[in-house]
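Proteins come first, then strands; the chains are lettered A, B, ... in the order of their sequence lines, and each starts at number 1.
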Amino acid sequence: DAGVIQSPRHEVTEMGQEVTLRCKPISGHNSLFWYRQTMMRGLELLIYFNNNVPIDDSGMPEDRFSAKMPNASFSTLKIQPSEPRDSAVYFCASIKGQNTGELFFGEGSRLTVL
Amino acid sequence: AQSVTQLGSHVSVSEGALVLLRCNYSSSVPPYLFWYVQYPNQGLQLLLKYTSAATLVKGINGFEAEFKKSETSFHLTKPSAHMSDAAEYFCAVSLNNAGNMLTFGGGTRLMVKP
């Protein structure tokens with residue numbers, strides 16, 4: 001079975017540019033999460049979708065960040081405009097129904113903002 | 001609010017030695033607790049989980065963890081370290097009753113010496 005698929009794996013961009021990260025969850029999984037990982041702050045939960053609906057976005061750092069899930073098989077995380085402090089690895093994870101805590105993570109998108 | 005604290009950002013053991021990675025939790029309700037492992041350039045993978053059943057939980061790759069309510073701890077152990085165990089390990093606690101919205105500790109990098 002295919003796992004959680006993220007793209008791009010690596011992105012290098014200049015400050016001020018728009019960045020879009022993409023995620024395809026595992027088929028049949030109805031919850032999706034975006035996490036950010038940095039050396040300084042560790043793993044931070046940004047936003048959580050259940051059945052394509054955003055449930056908790058309290059971790060989204062500021063208005064420059066937005067996330068959508070237009071259907072069960074696709075989600076995007078957008079940063080506009082990007083800043084150097086946004087440099088991090090962004091992970092998407094999905095989980096099926098009542099499978100407590102069994103998140104399946106993608107391999108991450110490493111973002112570098114110059 | 002639920003949180004976890006991992007003591008020791010780096011742990012080094014010799015191959016064949018006992019592995020002990022420490023995690024303490026803070027939770028106002030009976031917690032769901034998890035250990036995840038991250039290998040270089042990969043996403044996180046679930047090692048094991050505690051969901052209020054047996055207090056000693058066995059996971060993959062010979063790891064186990066014991067839930068100790070009196071000590072608010074959930075330490076991860078393995079009797080004999082293998083070189084392939086070198087990775088970063090994350091303790092996590094659920095933020096919601098469904099057990100699918102997790103917050104992670106800062107991580108412990110395990111190094112295994114030959």
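Sparse packing is recorded around CE of Met15(A), with 12 or fewer heavy atoms of other residues, nucleotides or ligands lying under 6.0 Å away. More than 12 heavy atoms of other shown residues, nucleotides or ligands fall within 6.0 angstrom of atom CG in Asn71(A). No more than 12 heavy atoms of other residues, nucleotides or ligands shown are found within 6.0 angstrom of CZ on Arg41(A). Around the CE atom of Met39(A), the shell of radius 6.0 Å holds no more than 12 heavy atoms that belong to other residues, nucleotides or ligands. Taking a 6.0 Å sphere around CD of Glu14(A), one finds it holds 12 or fewer heavy atoms contributed by other residues, nucleotides or ligands.
If you take CZ on Phe34(B) and CG on Leu103(A), they are separated by 8.0 Å, rounding to the nearest 0.5 Å. Rounding to the nearest 0.5 Å places CZ of Phe105(A) at 13.0 Å from CD of Gln42(B). Atoms CD and CG, on Gln38(B) and Leu43(A) in that order, are 6.5 Å from each other to the nearest 0.5 Å. In this structure, the separation between CG on Leu45(A) and CE on Met101(B) is 5.0 Å, given to the nearest 0.5 Å.
Contact detail for Leu102(B) and Tyr35(A): the closest heavy-atom pair is O-OH, 2.8 Å.
Taken together through direct or relayed side-chain contacts under 4.5 Å among Ile, Leu, Val, Met, Phe, Trp and Tyr, Val89(A) and Leu111(A) form parts of separate hydrophobic clusters. With hydrophobic clusters built from ILVMFWY side chains whose heavy atoms lie under 4.5 angstrom apart, Tyr89(B) shares a cluster with Tyr25(B). Under the 4.5 Å side-chain heavy-atom criterion for grouping Ile, Leu, Val, Met, Phe, Trp and Tyr, Leu21(B) is connected to Val13(B) within one hydrophobic cluster.
With a 4.5 Å cut-off on non-hydrogen atoms, Thr51(B) touches chain A through its side chain but not through its backbone. The part of Asp56(A) that comes within reach of chain B is its side chain, from C-beta onward, which places non-hydrogen atoms under 4.5 angstrom from that chain. Contact annotation for Arg110(A): only side-chain heavy atoms (C-beta onward) come within less than 4.5 Å of a heavy atom of chain B.
Between Glu107(A) and Asn41(B), every side-chain heavy-atom pair lies at or beyond the 4.5 Å cut-off. For the pair Glu44(A)/Thr103(B), no side-chain contact is recorded, criterion being any heavy-atom separation below 4.5 Å from C-beta on. Residues Gln37(A) and Phe104(B) are not in side-chain contact: their nearest non-hydrogen atoms beyond the backbone lie 4.5 Å or more apart.
The candidate with the highest count of non-hydrogen atom pairs below 4.5 Å against chain A, out of Tyr36(B), Phe90(B), Tyr32(B), is Tyr36(B).
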